[in-house]
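We use all heavy atoms of the structure for the numbers below, so side chains are in, but hydrogens, waters and symmetry mates are not. Just so it is clear: chains get the letters A, B, ... in the order the sequence lines come, proteins before strands, and each one is counted from 1.
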Protein chains: 2
Amino acid sequence: MLHVLLHMARHDGPMTSEAIGTMLGTNPVVVRRTLAGLRDAGYVRSDKGHGGGWVIACDLERVSLLDVYRAVGGPRLFAIGNEHSNPDCAIEQLVNAAVDDVLRDAEALLVERLGAVSLADLSKGLDARCAGDPRWQLERVGR
Amino acid sequence: MLHVLLHMARHDGPMTSEAIGTMLGTNPVVVRRTLAGLRDAGYVRSDKGHGGGWVIACDLERVSLLDVYRAVGGPRLFAIGNEHSNPDCAIEQLVNAAVDDVLRDAEALLVERLGAVSLADLSKGLDARCAGDPRWQLERVGR
DNA sequence: CAGTCATGATACATATAAAGTTACATGACT
DNA sequence: AGTCATGTAACTTTATATGTATCATGACTG
């Protein structure tokens, strides 16, 4: 979705779900489902009808990767975690506490780092990277 | 599994897969499947026949939570990651690089922290926590 | 106003992985 | 010989994500 947002930012005029779907090698409905979160957060806007589609609706400077992550969906950052926290077992309490402690710190790091990078940062990085190479100003999507 | 290992360490005599399964609210076969990784790593031993079952086969001091994590199975630490790294799209390259950078650091932190805690540390923590409370010396499993 | 193009939304189908289940073979103890 | 336990394989169930089909709605166009 970051990929999509950056393309969208560099595209004048709306992008349709179908175009994005083709770009991602997926399906327009899936695109709508996923972008719905970003729309609800106010980061993009969608217009119906002729000439409709998806447009950036925010200041890239004020939206971080963390914002996108949260808007798009998963509260689950880790593939591991404590399932059955049985409050009756001291061993489990201790193990969970130890694992939670580590996981909390790692999540804090992720949140901090993802929160520190804005979409504008990425966009600027792209400018720098492609300076003098106008090819990349177009959408080079492929798959 | 950490839960199981600590119980096992405080249990004299082997624990059967069925007992462990009941303790975890799961199935003996699932227990065998999961513990197989720990057995292959040499952290536990399994004996067949009468009086058989699972026993700790390592020095708790020398096995970290990271070791257990790796032996038990999942190379996937994060629920997020880059799927289709399309080498033709500069935007995707940049996004992936940015996300990978953050993920690498977070994973490094996890590895460091999980590697710094041994099973013996947890066991000692349990001793400290339950000092003067002999109830917890028994398996209080429940579910 | 009719036609089309787009999203919104719902319901259903498929794919994948994890967990659970069943069944049987093997080895060990009594 | 009988029982108890693991080892293993095959199958089923469950959960989740993804893909698909369909129709309603709104917006632009001629």
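In terms of heavy atoms, A:Ile56 sits closest to A:Leu5 at CD1-O, 3.6 Å. Nearest heavy-atom pair, A:Ala98 versus B:Leu122, reported as atom, atom and distance to 0.1 Å: CB-CD2, 3.6 Å. For A:His7 against B:Cys89, the heavy-atom pair with the smallest separation is NE2-SG, 3.4 Å. In terms of heavy atoms, A:Thr16 sits closest to A:Gly52 at CG2-O, 4.0 Å.
Rounding to whole angstrom units, CG of residue A:Asp40 and P of C:dG8 are separated by 9 Å. In this entry the distance linking CG of B:Asp47 with C1' of D:dG7 reads 13 Å, nearest Å. Atom CE of A:Met1 is separated from atom C1' of D:dT18 by 12 Å (rounded to the nearest Å). As a whole-Å value, the separation of B:Glu18 CD from D:dC4 P is 11 Å. Here the P atom of nucleotide D:dT22 and the CZ atom of A:Arg32 are 15 Å apart, to the nearest Å. Rounded to an integer number of Å, the gap from B:Met8 CE to D:dT6 P is 10 Å.
Rounded to 10 degrees, the angle between the two end axes of the helix from C:dC1-D:dG30 to C:dT30-D:dA1 is 0°, with five pairs used at each end.
With hydrophobic clusters built from ILVMFWY side chains whose heavy atoms lie under 4.5 angstrom apart, B:Val111 shares a cluster with A:Leu110.
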Practice item. Test A:His3 against A:Ile20 for side-chain contact (heavy atoms from CB on, under 4.5 Å), laying out the working first. Key: CA-CA 10 Å; A:His3 184 184; A:Ile20 298 173; over 6 Å; no

Quick test: give all pairs of protein nitrogen or oxygen and nucleotides 26-30 of chain C nitrogen or oxygen below 3.5 Å, distance rounded to 0.1 Å.
from   : atom 1 : to      : atom 2 : distance (Å)
C:dT26 : O2     : B:Lys48 : NZ     : 3.3
C:dG27 : O4'    : B:Lys48 : NZ     : 3.4
C:dG27 : N2     : B:Gly49 : N      : 2.9

Output one line per pair: protein atom, nucleotide atom from nucleotides 20-22 of chain C, and distance, for all N/O pairs under 3.5 Å.
from   : atom 1 : to      : atom 2 : distance (Å)
C:dG20 : OP2    : B:Thr26 : OG1    : 2.6
C:dG20 : N7     : B:Arg33 : NH2    : 2.6
C:dG20 : O6     : B:Arg33 : NH1    : 3.3
C:dT21 : OP2    : B:Asn27 : ND2    : 3.0

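In this structure a side-chain-to-backbone donor-acceptor pair under 3.5 Å is present from A:Asp121 to A:Ser118.
Shown here are the side-chain contact (heavy atoms from CB on, under 4.5 Å) partners of B:Leu114, two or more places apart in sequence or in another chain: A:Val102, B:Leu65, B:Leu66.
A close approach under 4.0 Å does occur between a side-chain nitrogen or oxygen of B:Ser46 and OP1 or OP2 of D:dG7. Contact annotation: B:Thr16 side-chain N/O to D:dT6 OP1/OP2 distance is not under 4.0 Å.
Salt bridge absent: A:Arg62 and A:Asp67 never bring a charged side-chain N and a carboxylate O closer than 4.0 Å.
Contacts of B:Arg39 with the nucleic acid, taken as non-hydrogen atoms under 4.0 Å apart, involve only primed sugar atoms and P, OP1 or OP2.
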Please tabulate, for the side chains in residues 32-44 of chain A, all donor-acceptor contacts under 3.5 angstrom to protein atoms that are two or more places apart in sequence or on a different chain.
from    : atom 1 : to      : atom 2 : distance (Å)
A:Thr34 : OG1    : A:Val30 : O      : 2.9

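As a member of the Ile/Leu/Val/Met/Phe/Trp/Tyr network built from side-chain separations under 4.5 Å, A:Leu109 groups with B:Leu109.
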